[in-house]
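Have a look at the structure below before the remarks.
Numbering of residues begins at 1 and proceeds along the displayed sequence. Any value given below was found using the heavy atoms of this structure, including those in side chains, with hydrogens, waters and symmetry copies removed.
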Amino acid sequence: MKSNRARQGGGGPRDFGAELKYSSQHQNMNGLEEGVEFLPANNAKKVEKHGPKCWVVLAAVVTGVSVLSLLVGFLVWHFQSRNAQVPMIFNGHLRITNEKFLDAYEDSNSTEFVNLATKVKEALKLLYRGIPVLGPYHKESAVTAFSEGSVIAYYWSEFSLPQHLAEEAEWSMAQERIVTLPPRARALQSFVMTSVVAFPTDPRMAQTTRDNSCSFALHARGGELTRFTTPGFPDSPYPARAHCQWALRGDAGAVLSLTFRSFDVAPCDGHDRDMVAVYDTLSPMEPHVLVQLCGAYPPSYNLTFLSSQNVLLVTLITTTERRHPGFEATFFQLPKMSSCGGYFRQAQGTFSSPYYPAHYPPNIDCTWDIEVPANRNVKVRFNVFYLVEPEVALGTCTKDYVEIHGARYCGEKPQFVVTSNSSRVTVRFHSDASYTDTGFLAEFLSYDSSDPCPGMFTCNTGRCIRKALRCDGWVDCADHSDELNCQCNPAHQFTCKNKFCKPLYWVCDNVNDCGDNSDELGCSCPAQNFKCGNGKCLPKSQQCDGRDNCGDGSDEATCDRVSTVTCTKHTYRCHSGLCVNKANPECDGQQDCADGSDEKDCDCGLRLFSKRSRVVGGEDADVGEWPWQVSLHAQGQGHVCGASLISPSWLVSAAHCYVDDRGFKYSDPTLWTAYLGLLDQSDRSAQGVQEHRLKRIIPHAFFNDFTYDYDIAVLELERPAEYSNVVRPVCLPDATHVFPAGKAIWVTGWGHTQEGGTGALILQKGEIRVINQTTCESLLPQQLTSRMMCVGYLSGGVDACQGDSGGPLSSVEADGRIFQAGVVSWGEGCARRDKPGVYTKLSEFRDWIKEKTGV
């Protein structure tokens with residue numbers, strides 16, 4: 001997305017559910033079980049009073065035996081379960097301090113490797129003997145690799161542990177230890193190992209040590225690119241139920257840069273899935289994983305990762321039988337940074353996280369000391385900011401963070417500013433040993449402390465906005481400071497309990513606009529009542545009775561029986577001026593208006609070939625599958641934004657694509673070229689592709705470049721397009737058209753990166769779903785308006801990052817006809833959990849489009 005709040009490129013999805021961590025399972029043991037049968041008493045003879053009846057004695061004996069048997073069975077089960085042996089495999093590394101690295105150590109078959117590995121295994125065995133929770137249960141250990149520093153050994157150890165000791169064993173293995181082997185008769189020195197630590201791992205990865213059929217060792221040479229792929233790529237899918245690994249090395253003192261150029265494995269659905277993981281070591285240790293990947297990514301997606309040292313490990317575990325091509329990757333070595341950060345003494349400048357826009361490396365600390373002229377103050381503006389790590393609670397910055405004035409910043413953030421009350425500021429950046437992200441791009445500026453925003457309002461963050469935006473009910477400052485301490489205008493504003501001012505028409509609209517839900521309190525109706533669009537409550541018996549009981553027609557707007565009703569904002573208006581109560585009647589193949597106007601102008605939203613339906617995420621589209629999709633190229637920049645064809649002469653797109661920036665006049669129509677019927681960006685001369693110049697760009701007059709409200713524009717072509725099998729218009733929804741929560745919708749586009757990246761060559765498509773507006777408001781508080789809609793998956797995985805700003809959301813409606821539900825606008829993150837994409841709601845702008853285009 002071409003947006004300061006939209007994801008431009010950068011981290012792939014990192015929340016993939018369960019991590020590759022071994023989880024022991026209870027073994028079910030059958031306890032002892034005895035059956036007791038009670039027989040009927042046929043003898044009714046009475047006995048003397050001085051003793052119990054015989055059947056009572058028998059019952060008591062039988063009951064006692066049963067209870068005793070159950071007790072014995074429980075005790076047997078308890079002790080068997082308690083002592084049941086469960087296999088556990090730990091992967092770890094250690095440092096051999098008094099050894100020098102030899103080139104022969106890279107070859108696991110060399111004599112030098114075998115000799116050193118034997119010493120390590122002996123030392124580990126000695127270590128485990130001294131730990132009661134480990135020693136008796138140790139089965140074997142194996143050394144998988146060595147690397148520089150002095151010598152780092154990577155190993156795995158297998159144990160067969162009683163279930164009740166598993167947790168204690170995990171804790172014990174995670175403690176760093178030192179082991180010393182005394183010198184033997186011929187040795188001149190002791191054998192010292194430090195930093196001995198290990199963590200539980202997926203036991204399947206240990207198979208790669210025993211079976212080298214899918215294990216590879218690669219060493220970078222100079223600055224050359226080294227290529228590797230999954231077996232069979234691209235002509236055949238990777239093996240099913242395989243366990244593969246690639247050990248990547250560089251020279252001492254170098255770091256590695258790894259890029260996945262093509263990535264397509266089985267989708268991330270459920271726990272039983274194929275998974276690629278990248279580690280900052282040569283051992284698959286979960287605390288050192290840089291990323292876990294599954295699913296598919298377009299070629300433009302930023303999948304470049306940096307190591308903190310001269311090794312990386314790439315692993316592939318496949319647990320399914322699905323047929324996917326796998327990945328193609330390249331890596332090369334580059335000199336390790338001698339220092340990170342810098343000292344600036346100037347009025348303005350820029351800086352970024354290391355290796356931006358690639359993922360920054362783990363285990364790094366950077367410091368920037370910034371000083372502007374003495375009579376000025378300094379502020380730092382983060383234009384891009386992505387420091388996300390899985391399982392980190394919102395608002396806590398315990399892993400990767402930027403620190404300024406003692407405050408830590410992490411996660412995903414739209415553009416924000418941090419100011420200093422002096423001419424100096426220090427910016428610190430820290431990344432831990434695990435997951436990395438694309439980092440940040442920042443600039444520092446000097447300003448006059450007495451008037452930081454001349455003629456404008458100064459947000460507490462330092463951002464400058466127009467004074468007219470102060471106390472208008474819309475959040476323009478990221479910290480809401482423009483809406484604090486306001487006096488609400490009772491004529492058109494509602495005063496929230498938290499003192500925010502909101503427009504009156506937001507009250508009781510089923511959206512938590514205030515943030516404390518005070519604008520929605522008292523708006524619900526009792527049971528067996530229907531809530532009108534105006535908030536009025538009516539008995540359900542009055543709904544769909546042919547009368548406008550609500551007063552706004554909402555009780556007659558979605559009825560099965562089509563009838564003429566009073567016209568309201570909820571009803572479809574025929575050309576005759578009469579209104580019908582049917583939901584979404586336009587172009588559904590049935591005449592609902594007496595004048596037939598609901599079925600006029602319906603030469604839209606149809607694909608002129610038979611198409612099978614598939615549920616996918618981010619896959620290549622087929623020729624003519626989305627014939628209204630348009631690619632917009634800016635002069636000298638290639639593909640920049642998407643659009644949709646709505647008539648021979650008009651396109652719909654996003655207003656933010658045409659905001660002038662960095663000296664380029666994006667608002668000038670003569671600098672744009674529209675490609676219609678295009679599938680492959682590398683083949684714009686393919687049969688059926690039409691090239692058009694733009695005549696006019698008309699963005700909405702109310703577009704806000706910070707909140708992205710009113711993010712819509714219409715574009716006029718210099719000459720009309722010619723309809724064909726691959727060039728067709730999409731249907732525009734009526735103002736009353738409803739796209740309910742949960743409905744499946746398709747997003748399409750070629751993708752777009754932040755810094756000089758290229759979009760996907762082949763048009764991408766992904767299926768997503770409409771998300772309840774109230775739910776979305778809770779995920780993106782104070783950021784949504786009634787002109788926006790949330791679409792995606794709360795679990796992540798598919799998002800508009802696989803599409804393109806300005807491109808269409810295509811919704812399949814009745815009779816297979818496709819309506820455009822929205823325009824790709826913005827989003828916090830990309831395909832992340834609880835971060836759905838936000839789109840301009842097209843039905844809200846139907847009258848505006850008609851006014852500007854006549855369509």
Close side-chain approach of [X] to [Y], heavy-atom, < 4.5 Å:
X	Y	answer
Phe819	Glu586	yes
Thr436	Val291	no
Val380	Leu445	no
Val823	Tyr839	no
Arg466	Phe457	no
Pro729	Trp650	no
Val659	Phe703	yes
Gln764	Trp750	no

Would you say the rings of Phe416 and Tyr409 are close, in the sense that their centroids are separated by under 6.0 Å?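 Yes - the distance between ring centres of Tyr409 and Phe416 falls below the 6.0 Å cut-off.
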For Arg573, is the CZ atom crowded, meaning more than 12 foreign heavy atoms sit under 6.0 Å from it? no
Would you give the length of the straight line joining atom [atom1] of [X] to atom [atom2] of [Y], rounded to the nearest 0.5 angstrom?
X	Y	atom1	atom2	result
Lys399	Leu387	NZ	CG	13.0 Å
Phe500	Phe494	CZ	CZ	13.5 Å
His359	Asn302	NE2	CG	5.5 Å
Lys499	Asn485	NZ	CG	11.0 Å
Cys459	Leu484	SG	CG	10.0 Å
Cys501	Arg470	SG	CZ	9.0 Å

Please work out whether the ring planes of Phe382 and Phe385 are parallel, tilted or perpendicular, with thresholds of 30° and 60°.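 Correct class here is perpendicular.
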From CA spacing to verdict: ring-ring contact (aromatic ring centres under 6.0 Å, His included), Phe440, Tyr360: CA-CA 9 Å; Phe440 62 85; Tyr360 52 78; 8.3 Å; no
Among side-chain atoms of [X] and [Y], is any donor-acceptor pair under 3.5 angstrom?
X	Y	result
Ser811	Glu813	yes
Gln637	Tyr666	yes
Tyr435	Asp400	no

Could you go through the side chain to side chain contact (heavy atoms under 4.5 Å, CB included) check for Ile712 and Phe702 one step at a time? CA-CA 10 Å; Ile712 189 170; Phe702 294 161; over 6 Å; no
Cation over ring, Arg787 on Tyr710, under 6.0 Å and within 45°?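 Verdict for Tyr710: a cation-pi partner in Arg787.
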For the residue pair [X] and [Y], what are the closest heavy atoms and their distance?
X	Y	answer
Asn529	Lys540	O-CE, 3.6 Å
Leu780	Cys790	CD1-SG, 4.3 Å
Trp672	Leu694	CB-CD1, 3.5 Å
His405	Thr419	NE2-O, 3.2 Å
Ala634	Val640	CB-CG2, 3.7 Å
Cys464	Lys379	SG-NZ, 4.1 Å

Test Ser843 against His737 for side-chain hydrogen bond (donor to acceptor under 3.5 Å, both in side chains), laying out the working first. CA-CA 6 Å; Ser843 59; His737 201 110; over 6 Å; no
Any chance the SGs on Cys604 and Cys587 are under 2.5 Å from each other? no
[X] side chain vs [Y] backbone, donor-acceptor pair below 3.5 Å:
X	Y	result
Gln493	Cys471	yes
Arg381	Glu443	no
Asp437	Val388	yes
Ser647	Val855	no
Ser653	Gly642	yes
Gln782	Cys514	yes
Gln783	Thr707	no
Asp709	Asn704	no
Asp711	Thr840	no
Lys852	Pro699	no

For Glu625 and Lys765: C-alpha separation, side-chain torsions, deciding distance, then whether side chain to side chain contact (heavy atoms under 4.5 Å, CB included) applies. CA-CA 10 Å; Glu625 187 176 359; Lys765 61 179 180 181; 3.0 Å; yes
Tell me, with the steps shown, if Ile646 and Ile849 meet side chain to side chain contact (heavy atoms under 4.5 Å, CB included). CA-CA 10 Å; Ile646 62 171; Ile849 293 173; 4.0 Å; yes
Take Met788 and Trp826 through the side chain to side chain contact (heavy atoms under 4.5 Å, CB included) test and state the conclusion after the steps. CA-CA 10 Å; Met788 301 176 186; Trp826 65 275; 3.7 Å; yes
Going by an N to O cut-off under 4.0 Å, is there a salt bridge joining Lys665 and Asp660? yes
Any chance you could lay out the side-chain hydrogen bond (donor to acceptor under 3.5 Å, both in side chains) test for His656 and Ser805, step after step, and finish with the verdict? CA-CA 8 Å; His656 75 254; Ser805 286; 3.0 Å; yes
Reference residue Ser810; test side-chain hydrogen bond (donor to acceptor under 3.5 Å, both in side chains); the match among Trp746, Trp628, Trp626: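 Single pass found, and it is Trp628.
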